[in-house]
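Structure first, then comments.
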Amino acid sequence: MSLAKLKPLTLAAKSTLNHKPMSKTTINLSILETHLPKCQNLKQFNPILSQMILTGFIRDTYAASRILKFSTDSSFIHIDLSLRIFNLIEDANGFIWNTMMRAYIQRNCPQKALNLYKLMVDKNADPDNYTYPLLVQACAIRVSEFEGRQIHNHILKTGFDSDVYVQNTLINMYAVCENMSDARNLFDEIPVLNPVSWNSILAGYVRAGDAEKAKLIYDRMPERNTIASNSMIVLFGRTGCVTEACRLFNELPEKDMVSWSALISCYEQNEMYEEALALFLRMVANGVMVDEVVVVTVLSACARLSIVRTGKLIHGLVVKIGIEAYVNLQNAFIHMYSSCGEILAAQKLFNAAYHLDQISWNSMISGYLKCGLVQKARTLFDSMPEKDIVSWSAMISGYAQHDRFSETLALFQEMQLLGIRPDETTLVSVVSACTHLAALDLGQWIHAYIRKNGLKINVFLGTTLINMYMKCGCVENALEVFQGTAEKGVSTWNALILGLAMNGLVEKSLEMFSEMKKCGVAPNEITFIGVLGACRHMGLVDEGRRHFDSIVQEHKIEPNVKHYGCMVDLLGRAGMLKEAEELIESMPMTPDVATWGALLGACKKHGDHDMGERIGRKLIELDPDHDGFHVLLSNIYASKGNWDDVHEIREIMVQHGVVKMPGCSMIEANGIVHEFLAGDNKHPQIEEIEKKLDEMAKKLRMEGYAPDTNEVSFDIDEEEKETALFRHSEKLAIAFGLICTSPPTPIRIIKNLRICNDCHTAAKFISKAFSRDIVLRDRHRFHHFKQGSCSCKDYW
DNA sequence: TTAGGGTTAG
């Protein structure tokens with residue numbers, strides 16, 4: 001800022017000083033010293049400054065240093081005014097330079113302090129013993145080892161390296177820059193160590209997470225002090241040693257604000273949110289000062305626990321002690337309120353905020369999304385002055401979390417068009433949307449993007465990619481991702497185990513389960529859904545029972561209703577209907593409809609029409625809106641030729657307004673997803689498809705295929721049944737796949753319901769007659785058809 | 001003058 005642009009300084013004559021007005025000509029040191037400390041605003045300060053300038057008193061180096069120091073220490077004086085005063089001083093000494101540098105450092109502008117030093121060197125001004133500690137501190141704040149080393153070289157040249165303050169700040173600077181070896185070398189060279197050097201090196205090791213060296217230093221310290229103990233509490237917190245942290249805290253003879261804060265954050269980091277809150281309340285009750293740092297921590301605990309009451313209490317406290325203006329606190333409050341579902345309170349803060357930073361905007365968007373207010377989030381998103389990667393990711397993942405997958409991909413495309421680079425987190429949501437939409441092409445493109453741009457496949461991204469490939473039937477690619485993922489969490493293993501089982505690779509799935517345990521990864525509830533699912537897909541009853549028992553006995557996990565459902569399905573499919581029903585009776589929780597449904601499916605499969613009828617009747621009572629159960633029951637009646645009952649069930653369905661979900665098959669060709677319903681004739685290429693269906697029918701008959709008309713539950717004649725069968729959605733999709741894709745690409749189809757018996761048989765024949773692999777995902781699992789057989793080995 | 005505590009947005 002240039003001087004000319006600023007308002008002229010007010011003269012003393014116009015002064016409104018409430019103490020004795022100053023005469024124009026008499027300003028001298030003693031007047032300066034009596035008047036200056038009494039200044040409380042610019043109106044009182046400016047006349048003194050003007051006088052000094054007018055009288056030339058500013059040329060007195062000592063007087064100049066006094067007024068500059070006063071200006072930098074006063075909160076009502078902007079640093080730009082201090083700089084203007086500084087620039088007026090012709091013969092600045094070391095003290096004056098240091099004062100200006102310190103002012104910049106205190107206002108978090110370390111770069112400007114370093115720039116001043118360059119100017120100082122240009123002007124041949126002499127640094128003193130105060131100058132270098134300030135500069136080294138500036139480098140530490142910037143975490144710039146490069147600049148720090150340059151300053152260090154100057155220190156060696158000027159001989160200030162023997163100054164104890166210089167030594168301590170250098171140790172701290174290297175430690176902050178995570179260069180512990182240089183920090184340690186300096187530390188070892190200091191002839192007489194002082195508490196600050198010990199504390200600095202200790203803090204460095206704690207920051208670096210080197211627990212061993214930190215403990216060694218702490219043990220060797222000649223005298224322990226609160227600062228060192230606080231560092232150790234932090235170390236214990238980070239390494240999960242909560243008990244040690246507590247012990248050290250309790251043994252401290254003098255606890256300061258940081259000691260309390262350190263233990264609170266220790267609780268926070270170890271997910272002991274209740275303890276964090278309790279300790280904070282104790283801290284307040286004990287009259288310990290509270291600052292914005294610790295409040296941010298406890299607000300996060302309130303958010304985690306969804307305790308808005310304590311959050312509000314803290315809000316009151318913060319207002320009372322007058323620290324509510326901190327931007328970080330504002331953000332923490334917006335986050336806390338929206339996490340607790342108090343979106344209006346969050347909104348109020350957001351609207352009232354004097355300065356909105358990026359985090360406030362992003363917190364607000366994610367708050368709306370958490371509450372399901374997707375459109376509100378979008379409106380805010382669109383009105384943001386600046387969107388960063390977090391804003392985009394929040395909105396994209398918001399769509400994905402509310403099952404709006406097309407919008408997820410659309411927004412991702414918009415982001416791409418604007419040239420904004422997605423990161424790992426963004427891609428997790430996008431890949432997940434691809435999985436739901438079966439958009440394998442885009443999914444593969446993203447995987448390539450990740451590799452090309454060197455993005456890290458972390459636990460989340462790895463799990464999502466494995467899941468996507470598995471759900472698209474690309475087992476090889478999924479395995480490749482698994483092998484390439486360095487960071488494997490329990491979810492990574494789960495995706496693998498579930499995916500392999502789903503794709504019919506049951507032995508491999510169970511093998512991976514053993515492998516997982518060998519690697520020391522503890523299985524969770526979801527793992528066992530996968531393991532029991534694997535057994536279920538191959539009818540491994542004994543193995544399934546063993547795993548089921550191990551859930552409680554070995555892994556101390558309480559089996560949930562889904563685990564019971566898996567077991568009922570496993571027993572039922574294997575024909576052990578009685579045992580399955582007994583297991584349902586013995587469940588410690590109320591069985592859900594899915595569990596009964598599994599038993600009903602088993603009755604249908606094994607032709608136990610009596611039990612089927614009993615269970616079916618119960619189920620349509622339990623869940624009168626469920627289409628599948630009505631259809632199953634009706635099919636059971638149909639297979640007995642019991643058309644009266646079939647009609648009764650249809651009648652009930654009409655009465656309840658239950659509509660059978662139509663079978664729908666999706667196939668992706670050249671980046672476009674095509675959908676087919678049973679008997680569909682709306683596709684633009686329907687004529688070609690019809691021709692292909694005829695060709696298929698002919699070829700299949702020659703291969704020995706006979707339609708299985710048991711699948712058609714209508715009271716119609718056999719020929720009509722055959723025609724209806726050949727219009728099943730999966731057959732339409734296969735015909736379309738034969739037209740639109742060429743080998744060796746497999747025909748990939750996704751069906752919303754389970755594949756029917758006849759389509760399963762037909763698909764096997766087609767895979768042989770047309771020499772095409774068909775990968776079909778149904779509601780439950782995958783079928784890989786290849787040269788006349790299916791990966792499910794006909795057990796499904 | 002130097003040393004210790006933190007989190008919030010996907």
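All chains are named by letter (A, B, ...) in the order of the sequence lines, taking the proteins before the strands, and each is independently numbered beginning at 1.
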Quiz prompt | Span of DNA chain B in contact with chain A (heavy atoms, under 4.0 Å) | solution =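 In short, chain A contacts DNA chain B from B:dT1 to B:dG10.
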Students often get this wrong, so: under 4.0 angstrom with heavy atoms, is [X] touching a base, only sugar-phosphate, or nothing?
{"X": "A:Ser391", "answer": "nothing"}
{"X": "A:Met257", "answer": "base"}
{"X": "A:Val234", "answer": "sugar-phosphate"}
{"X": "A:Asn172", "answer": "sugar-phosphate"}
{"X": "A:Asn194", "answer": "nothing"}

Practice problem: Take atom OH of A:Tyr326 as the centre, draw a 6.0 Å sphere, and report whether it contains more than 12 heavy atoms from other residues, nucleotides or ligands. | Solution: no
Quiz prompt | Within 6.0 Å of CD in A:Glu178, more than 12 heavy atoms from elsewhere | solution =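 Atom CD in A:Glu178 is not packed in, count stays at 12 or less.
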Quiz item: Ion pair present between A:Glu414 and A:Arg378, side-chain N to carboxylate O less than 4.0 angstrom?
Solution: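 Salt bridge flag = yes for A:Arg378 with A:Glu414.
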Quiz item: Are a donor atom and an acceptor atom from the side chains of A:Ser491 and A:Thr463 found within less than 3.5 Å of each other?
Solution: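 Note: A:Ser491 and A:Thr463 side chains meet the donor-acceptor criterion.
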Exercise. Take the angle between the ring planes of A:Phe160 and A:Tyr132 and call it parallel below 30°, perpendicular above 60°, tilted in between.
Key: tilted
Pair up each side-chain donor or acceptor in residues 302-319 of chain A with any protein partner under 3.5 Å, not counting sequence neighbours, and list the distances.
{"residue": "A:Arg304", "atom": "NE", "partner": "A:Tyr273", "partner atom": "OH", "Å": "3.4"}
{"residue": "A:His315", "atom": "ND1", "partner": "A:Tyr337", "partner atom": "OH", "Å": "2.9"}

